[in-house]
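All remarks here apply to the structure that follows.
Residue numbers start from 1 in every chain, and the chains themselves are labelled A, B, ... in the order their sequence lines are given, proteins ahead of strands. What you see is a predicted model, and the numbers here were worked out from it, not measured in a lab. As a basis for the values below, the full set of heavy atoms in this structure was taken, side chains included, without hydrogen atoms, waters or symmetry mates.
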2 protein chains.
Amino acid sequence: MVSTHPLVVPSPAPSGRRLSAEDRERQIVEGAIAYFAEVGLDGQTRELARRLGIAQPLLFRYFPTKAALIERIYEEVYLKRWDAGWEATVRDASLPCLERFRRFEIDYQRTIDNYAWLRIFVSAGLKGFDLPSRYLGMVRARIFTPLLTDMRAESQLPSPEEQPLAADEYELLFGIHGALVYVGLRSLVYGIDGGVDRDAVRAAMLDAALPGLLATHRRVVGAAMPPAAGRAP
Amino acid sequence: MVSTHPLVVPSPAPSGRRLSAEDRERQIVEGAIAYFAEVGLDGQTRELARRLGIAQPLLFRYFPTKAALIERIYEEVYLKRWDAGWEATVRDASLPCLERFRRFEIDYQRTIDNYAWLRIFVSAGLKGFDLPSRYLGMVRARIFTPLLTDMRAESQLPSPEEQPLAADEYELLFGIHGALVYVGLRSLVYGIDGGVDRDAVRAAMLDAALPGLLATHRRVVGAAMPPAAGRAP
DNA sequence: GCCTCTCTTGAGCGAACGATCAACAAGGGC
DNA sequence: GCCCTTGTTGATCGTTCGCTCAAGAGAGGC
């Protein structure tokens with residue numbers, strides 16, 4: 001039976017019908033972020049539409065393909081939430097490097113300690129998309145490189161031009177960074193709440209880790225010094 | 001050259017046909033671990049069978065459902081690789097607590113710094129399975145709890161019976177732990193190789209983080225002391 | 001050689017997937 | 001009131017999903 005429907009039920013969709021294209025698109029993007037964060041990027045367009053209270057083909061009116069919608073999510077969640085202030089903070093010569101690093105991390109973690117941010121990030125990594133590596137490449141190049149450069153100067157060590165920044169030096173920052181990120185991963189990806197105040201936990205971690213950072217940095221750079229420049233005393 | 005037979009390739013499948021049930025089952029489990037680690041737990045049984053060089057229905061001869069196969073992977077990768085020696089190490093009274101923690105982490109990280117281990121763990125977390133939370137609950141209960149208990153004693157602090165272990169104390173260990181795990185995540189989940197020796201990086205992180213740990217622990221426990229017991233000097 | 005046991009496969013089922021298309025319907029201009 | 005633009009939907013296509021089933025095929029006992 002094919003019956004091209006005589007009567008027709010108007011629509012069971014509870015969502016406000018007939019939105020402007022702009023509003024509908026924003027609604028779809030925000031719904032997609034919440035939905036794909038919850039179920040992973042393998043989530044189904046039908047279920048997404050059902051949650052939005054719209055028909056599934058409407059998604060394809062606003063985004064030609066599911067991949068295009070996901071690409072839009074990347075822009076919305078990662079590129080758009082990148083704060084240019086972070087790059088200014090870590091270059092702020094009026095502050096000691098440790099304080100710059102602390103302020104950057106507190107701000108940065110507040111941005112990424114977010115259900116959608118962390119889960120879509122990890123999901124993209126698992127699916128082999130290059131978003132995570134590109135994003136962390138930005139952190140490395142735009143945040144850690146200027147920070148390490150000024151840490152060299154602050155400790156009266158050779159500049160990166162004289163002695164290139166070593167992988168070990170980046171790992172110093174990534175180590176602390178990773179400990180802070182892991183706090184959110186445990187809660188939002190692994191599902192262990194613990195009931196702790198994650199911001200407070202991270203502040204305590206920074207208090208514990210930062211005081212020794214400069215000394216460790218000097219030791220790492222000193223160990224990598226070329227013989228002609230002499231060893232640490 | 002392999003030539004166990006004169007001419008003629010017996011089958012397009014590179015996998016030896018007509019294996020014993022035991023061998024076939026092991027082959028399927030190992031193939032499934034590698035495959036689902038690569039593509040995530042949403043991977044398809046047809047593609048898994050193709051990679052194994054067998055027909056897809058054969059999978060269902062050995063595992064009644066895809067979920068059962070995944071459950072088997074959990075046992076194989078997580079429960080079976082849990083090393084009872086870890087629990088012995090952190091209780092070894094002949095070593096200082098910091099050295100026990102170091103030895104545990106070095107061993108533990110060597111186990112989990114593994115493509116399949118980390119990626120399936122994260123994938124399970126995203127899909128809402130309770131494996132990650134249960135597993136980290138084991139680490140907390142069987143490793144961190146005895147360790148913190150002995151750290152209390154080593155620092156002449158009240159025992160957990162007098163003053164229960166606080167969430168902050170667990171976070172001290174999880175902080176260092178998380179920094180070490182993140183080294184592997186960056187490489188094996190996010191796809192940033194960096195070309196560093198991850199074992200060496202983690203050893204350096206432990207060298208940087210452990211010396212201050214006991215002092216921080218005393219400070220954390222002191223701050224949580226009941227007023228009657230007095231404050232830190 | 002033949003039978004039997006069991007490992008293995010091709011064909012296929014029902015459901016769900018992303019994506020398409022023609023038809024419907026809510027506004028705004030006139 | 002009418003028309004035209006445009007947001008929206010039901011029906012449906014081709015494919016792929018997990019899973020089933022009857023038939024094929026290799027190894028060992030006799």
Indicate the ring-plane relationship of A/H177 and A/Y108, choosing parallel, tilted or perpendicular according to the 30° and 60° boundaries.
->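 Rings of A/H177 and A/Y108: tilted, as their planes differ by 30° to 60°.
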[atom1] of [X] versus [atom2] of [N]: gap in Å, rounded?
X	N	atom1	atom2	value
A/F63	C/dT20	CZ	C1'	18 Å
B/I54	C/dG10	CD1	C1'	15 Å
A/R24	D/dT9	CZ	C1'	11 Å
B/Q27	C/dC7	CD	C1'	13 Å
A/L52	D/dT9	CG	C1'	15 Å
B/L58	C/dT6	CG	P	15 Å
B/R50	C/dT9	CZ	P	14 Å
A/L59	C/dA19	CG	P	10 Å

Sorted by chain and number, sequence neighbours left out, ring pair (Phe, Tyr, Trp, His ring centres under 6.0 Å) with B/F174 holds for B/F144
Please determine if a side-chain N or O atom of B/R61 lies less than 4.0 Å away from the OP1 or OP2 oxygen of C/dC7.
-> yes
For A/Y62, report the nucleic acid contact type (base, sugar-phosphate, nothing); a contact means any heavy atom under 4.0 Å.
-> sugar-phosphate
A correct 5'-to-3' footprint of nucleotides 19-30 of chain D, with B, S and - meaning base, sugar-phosphate only and no protein heavy atom under 4.0 Å, is BBB---BB----
Does A/D197 use its side chain to pair, donor to acceptor, with the backbone of A/A200 at less than 3.5 Å?
->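 Yes, because the side chain of A/D197 sits within donor-acceptor range (under 3.5 Å) of the backbone of A/A200.
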Would a line drawn from the ring center of B/W82 to the ring center of B/Y78 be shorter than 6.0 Å?
->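 Distance test on ring centres: not under 6.0 Å, no.
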Flag for B/R198-B/S187: side-chain donor and acceptor within less than 3.5 Å = yes
Presence of salt bridge, B/D150 and B/R91, under 4.0 angstrom | no
